[in-house]
S.K.: 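Before I ask anything, let me first share the structure, which is written out below as structure tokens.
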Amino acid sequence: MYVAVFVCLVVKAVHFEIVPNLTSAACINAIKRFVARRGRLIELHCDNATAFVGADRELKSLRRQYLDQFKSDEWRSYCHESGISFHFIPARSPHFGGLWEAGVKSFKFHFRRIFAANSYTLDEFSTATAHTESILNSRPLTPLTDNPDDLAVLTPGHFLVGEPMFSIPEPDVTDDHVTRLSRFQELRRSVQNFWKRWSRDYISQLHQRSKWKNPAPNISKGALVLLKQEDLSPFMWNIGRVEHVYVGPDGLVRVVLVRTNRGVYKRAVTEVRILPIAVDDEPESQEK
């Protein structure tokens, strides 16, 4: 089995489709399922894989056959507006598709390490894939409002379902021995392990720097941040507002006071992460 990864180039939302093989027919069926669930697809950017090139050729052939059957201008206009335009990156240049390659990495890196150890039925595999998709779409992007008392954040899930992604509450079984778990509980354990590993890496990546050549801006009061915490349930993010900053003699902020739904915490700046999209980025660039 394979998984086709669709990534929105605007809001970075992801969508997974299970495909049985790498043929053009399987690719077209995956696109049909995607359109049936998510709506119209106008442009599709991808690499030069044989399945993608064959799917583009087959869809163009189907469009020509459709126009031959309905030759009126109305149907031609409808077919032109409803068609899918494939955009292929240069051959052997995966860095041209870095945005969707990052989505593939987010899914595949931990998924293979957690789920590859066991065999799953199609029902179990599709359930695990759907949970993984929902977890990736639950990541916070930016504050939902400018209200300092509001801890709500905007996620890719808001653009898909109109609200944050939701999961049925289940007890944590990650610490239970695998031999004591039923097959149903074992799948739950794998999903919970994926959440813990991926969420930890996602928060760490928000603070990654290749070289500290330029000083980073200080965290400001009122900023919405993510706190590192290991014992959170899936889809639960420890989000808080910075209520006070402690400035050192050199003018740098190294300690902040953060208010969350669970209380007020004093943390080092290395233990908090600013959301990937800051609401004050655009005004600062306009002033400069």
S.K.: Can you confirm whether Arg180 sits close enough to Asp176 that some side-chain heavy atom of one is under 4.5 Å from a side-chain heavy atom of the other?
M.R.: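 In short, these two side chains do not touch, never coming nearer than 4.5 Å.
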S.K.: Can you tell me if Arg241 uses its side chain to pair, donor with acceptor, with the backbone of Asp150 under 3.5 Å?
M.R.: yes
S.K.: In terms of side-chain geometry, is the basic nitrogen of Glu17 or Arg37 positioned less than 4.0 Å from the acidic oxygen of its partner?
M.R.: yes
S.K.: What distance separates Leu136 CG from Trp198 CH2, expressed to the nearest 0.5 Å?
M.R.: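 Here the interatomic distance stands at 5.0 Å.
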S.K.: Does the separation of the ring centres of Trp195 and Tyr202 fall below 6.0 angstrom?
M.R.: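 Ring centres of Tyr202 and Trp195 not closer than 6.0 Å.
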S.K.: Heavy atoms, side chains only, cut-off 4.5 Å: are Ser199 and Trp237 in contact?
M.R.: yes
S.K.: Please give me the minimum heavy-atom distance between Ala51 and Leu22, naming the atom from each residue.
M.R.: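 Smallest heavy-atom distance, with atoms named: CB-O, 3.3 Å.
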S.K.: Tell me, please, whether Phe109 has Arg113 positioned over its six-membered ring: NZ or CZ under 6.0 Å from the ring centre and within 45 degrees of its axis?
M.R.: yes
S.K.: Between Asp149 and Arg259, does a side chain to side chain contact (heavy atoms under 4.5 Å, CB included) hold up when you go through it step by step?
M.R.: CA-CA 9 Å; Asp149 296 328; Arg259 174 179 52 84; 3.9 Å; yes
S.K.: Would you indicate whether the side-chain heavy atoms of Tyr246 and Arg254 approach each other to under 4.5 Å?
M.R.: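 Sidechains of Tyr246 and Arg254: no contact.
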S.K.: Quick one: are Glu186 and Val178 in side-chain contact, heavy atoms under 4.5 Å?
M.R.: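 Touching, per the 4.5 Å side-chain cut-off.
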S.K.: For the residue pair Phe125 and Tyr120, what are the closest heavy atoms and their distance?
M.R.: N-CB, 4.1 Å
S.K.: Start with the C-alpha distance between Cys8 and Phe159, add both sets of side-chain angles, then the distance that settles side chain to side chain contact (heavy atoms under 4.5 Å, CB included), and finish with yes or no.
M.R.: CA-CA 10 Å; Cys8 176; Phe159 298 93; over 6 Å; no
S.K.: Hey, could you give me the NE2/CZ distance between His110 and Arg112, rounded to the nearest 0.5 Å?
M.R.: 13.0 Å
S.K.: Centre-to-centre under 6.0 Å for Phe86 and Phe52, is that the case here?
M.R.: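 Aromatic pair excluded; centres sit 6.0 Å or further apart.
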S.K.: Quick one: side chain to side chain donor-acceptor pair (under 3.5 Å) partners of Glu170, sequence neighbours excluded?
M.R.: none
S.K.: So does His95 get a backbone contact from the side chain of Ser93, meaning a donor-acceptor N/O pair under 3.5 Å?
M.R.: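 Side chain of Ser93 to backbone of His95, a donor-acceptor pair under 3.5 Å: no, none is there.
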S.K.: Show, in sequence, the C-alpha distance, side-chain angles and deciding distance for Leu226 and Leu275, and conclude whether the side chain to side chain contact (heavy atoms under 4.5 Å, CB included) test is met.
M.R.: CA-CA 7 Å; Leu226 288 173; Leu275 298 186; 3.7 Å; yes
S.K.: Applying a strict under-4.5 Å side-chain criterion to I, L, V, M, F, W and Y, I'd like to know whether Leu99 and Val5 cluster together.
M.R.: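 They do share one cluster, since a chain of ILVMFWY contacts under 4.5 Å joins Leu99 to Val5.
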S.K.: Given the rule that I, L, V, M, F, W and Y join up when any side-chain heavy atoms are under 4.5 Å apart, are Leu151 and Val153 in one cluster?
M.R.: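 Same hydrophobic cluster.
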S.K.: With distance as the sole criterion, is a donor-acceptor pair present between the side chains of Thr145 and Asn147 under 3.5 Å?
M.R.: no
S.K.: Between Val3 and Val19, is there a side-chain heavy-atom distance shorter than 4.5 Å?
M.R.: no
S.K.: Could you list the residues that satisfy side chain to side chain donor-acceptor pair (under 3.5 Å) with Gln65, not counting sequence neighbours?
M.R.: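 With neighbours one apart ignored, the set is Ser61.
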S.K.: Would you say Asn218's side chain and Val253's backbone share a donor-acceptor pair under 3.5 angstrom?
M.R.: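 Yes; judged by distance alone, with no hydrogens or angles, the pair exists.
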S.K.: Working to the nearest 0.5 Å, report the span between OG1 of Thr155 and CG of Leu141.
M.R.: 6.5 Å
S.K.: If we count only N and O atoms by modelled type, under 3.5 Å, do the side chains of Ser134 and His131 hold a donor and an acceptor together?
M.R.: no
S.K.: Show, in sequence, the C-alpha distance, side-chain angles and deciding distance for Phe107 and Phe16, and conclude whether the ring pair (Phe, Tyr, Trp, His ring centres under 6.0 Å) test is met.
M.R.: CA-CA 9 Å; Phe107 165 73; Phe16 300 149; 4.6 Å; yes
S.K.: Is a side-chain N or O of Ser220 found less than 3.5 angstrom from the main chain of Ala223, in a donor-acceptor match?
M.R.: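 The answer is no, because no donor-acceptor pair under 3.5 Å joins these two groups.
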S.K.: For a 4.5 angstrom cut-off between non-hydrogen side-chain atoms, does Lys221 reach His244?
M.R.: no
S.K.: Between Asp172 and Lys196, is the closest basic N to carboxylate O distance under 4.0 Å?
M.R.: yes
S.K.: Between atom CD1 of Ile203 and atom CD of Glu271, what is the distance when rounded to the nearest 0.5 Å?
M.R.: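 Reported to 0.5 Å precision, the distance equals 10.5 Å.
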S.K.: Examine distances only and state if a side-chain atom of Asn48 and a backbone atom of Val53 form a donor-acceptor pair shorter than 3.5 Å.
M.R.: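 Side chain of Asn48 to backbone of Val53: no pair is present.
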S.K.: Return the CG to CZ distance between Leu206 and Arg139, rounded to the nearest 0.5 Å.
M.R.: 10.5 Å
S.K.: Could you please spell out the steps behind the side chain to side chain contact (heavy atoms under 4.5 Å, CB included) verdict for Thr260 and Tyr265?
M.R.: CA-CA 8 Å; Thr260 69; Tyr265 302 94; 3.3 Å; yes
S.K.: Using a strict 4.0 Å threshold on nitrogen-to-oxygen distance, state whether Asp201 and Arg197 make a salt bridge.
M.R.: no
S.K.: Determine whether Val161 and Val14 fall in the same hydrophobic cluster, where Ile, Leu, Val, Met, Phe, Trp and Tyr are linked whenever their side-chain heavy atoms lie under 4.5 Å apart.
M.R.: yes
S.K.: Using the salt bridge (Lys or Arg N to Asp or Glu O under 4.0 Å) rule, collect all pairs that involve residues 120-132, keeping only residues at least two apart or in two chains.
M.R.: Glu124-Arg183
S.K.: May I ask you to decide if Arg189's main-chain N or O and Gln192's side chain share a donor-acceptor pair within less than 3.5 Å?
M.R.: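 No.
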S.K.: Is a salt bridge present between Arg38 and Glu133, judged by a nitrogen-to-oxygen distance below 4.0 Å?
M.R.: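 Yes, this pair counts.
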S.K.: Is there side-chain contact between Ile18 and Thr129, with at least one heavy-atom pair below 4.5 Å?
M.R.: yes
S.K.: If I take atom CG from residue Leu44 and atom CG from residue Leu9, how far apart are they, to the nearest 0.5 angstrom?
M.R.: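 Leu44 CG to Leu9 CG: 9.0 Å, rounded to 0.5 Å.
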S.K.: Using the rule that Ile, Leu, Val, Met, Phe, Trp and Tyr join whenever any side-chain heavy atoms are under 4.5 Å apart, tell me whether Ile114 and Val173 fall into a single cluster.
M.R.: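 No, no single cluster joins them.
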S.K.: Should Met236 and Phe166 be counted in the same cluster of Ile, Leu, Val, Met, Phe, Trp and Tyr side chains packed under 4.5 Å apart?
M.R.: no
S.K.: Quick check: do Thr132 and Val191 have side-chain heavy atoms less than 4.5 Å from each other?
M.R.: no
S.K.: For Leu41 and Ile31, work out which heavy atoms get closest and say how close.
M.R.: CD2-CG2, 4.2 Å
